[in-house]
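Read through the structure below, which is laid out as structure tokens, and then see the notes.
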Amino acid sequence: RIMRPDDANIAGNVHGGTILKMIEEAGAIISTRHCNSQAEEPCVAALARVERTDFLSPMCIGEVANVSAEITYTSRHSVEVQVNVMSENILTGAKKLTNKATLWYVPLSLKNVNKVLEVPPIQYTRKEQEDEGKKRYEEQKLDRLETKQRNGDVIFPILNPEPHTVGYSQSSLIHLVGPSDCTLLGFVHGGVTMKLMDEVAGIVAARHCKTNIVTASVDAINFHEKIKKGCVITISGRMTFTSNKSMEIEVFVDADPFVDEPRERYRAVSAFFTYVSLSKDGKPLPVPQLLTETEDEKRRFEEGKGRYLQTKAKRQAQMQQAAQ
Amino acid sequence: RIMRPDDANIAGNVHGGTILKMIEEAGAIISTRHCNSQAEEPCVAALARVERTDFLSPMCIGEVANVSAEITYTSRHSVEVQVNVMSENILTGAKKLTNKATLWYVPLSLKNVNKVLEVPPIQYTRKEQEDEGKKRYEEQKLDRLETKQRNGDVIFPILNPEPHTVGYSQSSLIHLVGPSDCTLLGFVHGGVTMKLMDEVAGIVAARHCKTNIVTASVDAINFHEKIKKGCVITISGRMTFTSNKSMEIEVFVDADPFVDEPRERYRAVSAFFTYVSLSKDGKPLPVPQLLTETEDEKRRFEEGKGRYLQTKAKRQAQMQQAAQ
Amino acid sequence: RIMRPDDANIAGNVHGGTILKMIEEAGAIISTRHCNSQAEEPCVAALARVERTDFLSPMCIGEVANVSAEITYTSRHSVEVQVNVMSENILTGAKKLTNKATLWYVPLSLKNVNKVLEVPPIQYTRKEQEDEGKKRYEEQKLDRLETKQRNGDVIFPILNPEPHTVGYSQSSLIHLVGPSDCTLLGFVHGGVTMKLMDEVAGIVAARHCKTNIVTASVDAINFHEKIKKGCVITISGRMTFTSNKSMEIEVFVDADPFVDEPRERYRAVSAFFTYVSLSKDGKPLPVPQLLTETEDEKRRFEEGKGRYLQTKAKRQAQMQQAAQ
């Protein structure tokens, strides 16, 4: 589909959240179709996890997004989907890979939303494909178990914060979950949640560096808890780390099932977004360093630095591998 | 893409206008891409005409719309695109042809919007394809010349109208053209206009028969005049004819370039929509007869009857041909 | 236009904010058209003030909103517009008056946004109309001068607040101003702001009473400061007063012109919204009393009580007058 002004920031770069939403919709369609192909009973594929995603090149207003999705692995109860997004300038014909994403879905029964159904196995053309898929499956399973929900963390506004402190740029928004945000099961599409998370992270980044910013990557996101139609969700973001040319923002999603439900507010999702600041001709700009004040802020900064160095090392290893 | 609650009426049937908008977007993408493939200069394909379109089966919330587009003919300055829409129930795997549409586009220069560029010719696999395309091209050209814009016709509200008269169901809405309604040239997408026209026609039909109604077909629409960003458009509809089980509604679009332009309000588009009324289990219901009062209304009723009988005869001829 | 699922809450009642946005769009169109009718230079009418508005009956999904607007007074630099909204159930034909609103617009030059142009005078059929309009004009002018912007007030979250306290239900959201939110001048439509304000106020009300709530009225709103495209706006709401069957919520809008602007965050708008809680069959329910803790909260409660009693007295006077 053609990218419109509403999909982009004022510099004309399409929001990372818009792209994440398209990716998730494609993933939900292909995995729901697959899980119903030999179904005992009708089901809807629910997003369980998105692997770390890099935004390789920015997309602009007027370009066409081509989204293609493929099922690359199935376990007994989950489906791995690989989604590629190409941006196409239909005036020049130029095409660029914008994004490669891996998503995991779980089929939930349409009759009983707490029942996870079995996934029909796919055929692999080579035995190695199955083995590699199994390895990815085991890794993400481990990672999902490890993720601690930072349930205690709440973001409080600070009175008259200094520029470039954590308190200065932190932001939050609330959203009332409407019918168009939801799947047939009445739960929020993972893509809708990711779009709102990117919106908050982008505001945090822009408040910090006051320039045109774009999403560079999103760390793996686990969707532990479903969010129901009619909930109020609060999405909060705070900066955790800055390198010379990037900012890391942690985003929390809390759901408040306030109508007709005895349940308390709960943490539904959390994730790290990385942003870069761009000059008018699209070059990365230096970013003001984050000023940490409290012990917690300093600890989070060091943790963010760890993630940054790990990602950098991984990328260099991949480039060396590719160069061989 | 997955059909959402906002794409549909309260009975869950997707609006014809939503489908027309998707069709037009696919047509605009494929023809803009084609016209720029060997371009003298960058251009955007603008919708000039949509051929008569039948809605073959209703689409519902939760189904996936698969839209495919193909260029089937090129003249020197225009492109014919054939678009097919399939509805797919991803739970059952059932697919149905919803719609086959033919659209004509004209490439306008991005630098000078009044300049029509040349279209790169396509290759035909068989000579007959080119000949048939040329015949369709000549026919639509003739029809476009013939279309008189009924500029004089304005729809006035009637005080306390009787049920089932023309005045009783006639409706109009105004819309301020925003940035997301427009192409790169700053003119309204044809698909946006058609969606609004279908919305008004649907209100007229529902007011007349007070049941669940769906779009059955749209007559050929010619886009004589472009509509610019910032315009206010008034879309008005009135019923012109009823058969036993269908209603014909005439829709006008008037543009009011009220800021920054010395130009007067003008008639941009007009078209005939046909609606049917459906029972709860999806069967067509009888429709109350339209009561005509004035001479003009009686004349338009007879003209509508003419179109109705002509379409019926054409369809019977096609069915006989198919049966042979 | 037909009310869609996204226009309404989960009980099917259309949001007050959706209605306010339609009213403002109609007002902006008619006053922009009028001001350009004898214009020295092209201009866009900007919303300066909305008078107190009562929501007389709820509107539901599937109903058609009929909006009509009329210019009722012009001063040298401002236009008074009266907008009526009727809800029409197109299946039964039933029509109800939903809303009567009065809005004031000011024409700003398209070339120089800080220049206020002159308004072409309208013709009155009776001299009294002009005199009454002039009286309304003077009254609102006085009221606008009097309105102190509560600039100091910021809303802070409270840790583990008790139910029914002010801190328990207070809420805020941030919104990045996109192109579709703005007029041709690049400033946010007053209607967009009012819709967001109603959204926050509705969440505050629902958090307090945990039932289906609807907007009952909005106090006069003055738009002192324009908000530019690309700003981040923070909309915050807190409950100030409860009567037996109504809740008053104060809403602030703060604009943060963070990209490319040296300007500080500023208070753009503030207003009071009144909500009622409805049972499943649409009857008003008793509301839990607001627990005030601080001196400020007690003072605001008393002020809210004053507004409540004044409105009640005014309404009784009107009813007695009508009964005579």
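Convention: sequence-line order gives letters A, B, ...; per-chain numbering from 1. Computed from a predicted model, the values in this text were never measured in an experiment.
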Please report the closest heavy-atom contact between C:L176 and A:E199, naming both atoms and the distance.
N-OE2, 4.5 Å
If one checks every heavy atom of A:H208 against chain C at 4.5 Å, the contacting part turns out to be neither
Within a 6.0 Å radius of atom CG on C:N112, are there more than 12 heavy atoms belonging to other residues, nucleotides or ligands?
yes
Determine whether more than 12 heavy atoms belonging to other residues, nucleotides or ligands lie under 6.0 Å from atom NZ of A:K226.
yes
What one should report as the nearest heavy-atom pair of C:I174 and A:S172 is CG1-O, 3.2 Å
To the nearest 0.5 Å, tell me how far C:I203 CD1 sits from A:D256 CG.
9.5 Å
Give the member of C:G178, C:P179, C:C209 that has the highest number of heavy-atom pairs under 4.5 Å with chain A.
C:P179
Apply side-chain contact (heavy atoms from CB on, under 4.5 Å) to the pair C:L173 and A:H175, showing each step before the final yes or no.
CA-CA 8 Å; C:L173 73 80; A:H175 175 74; over 6 Å; no
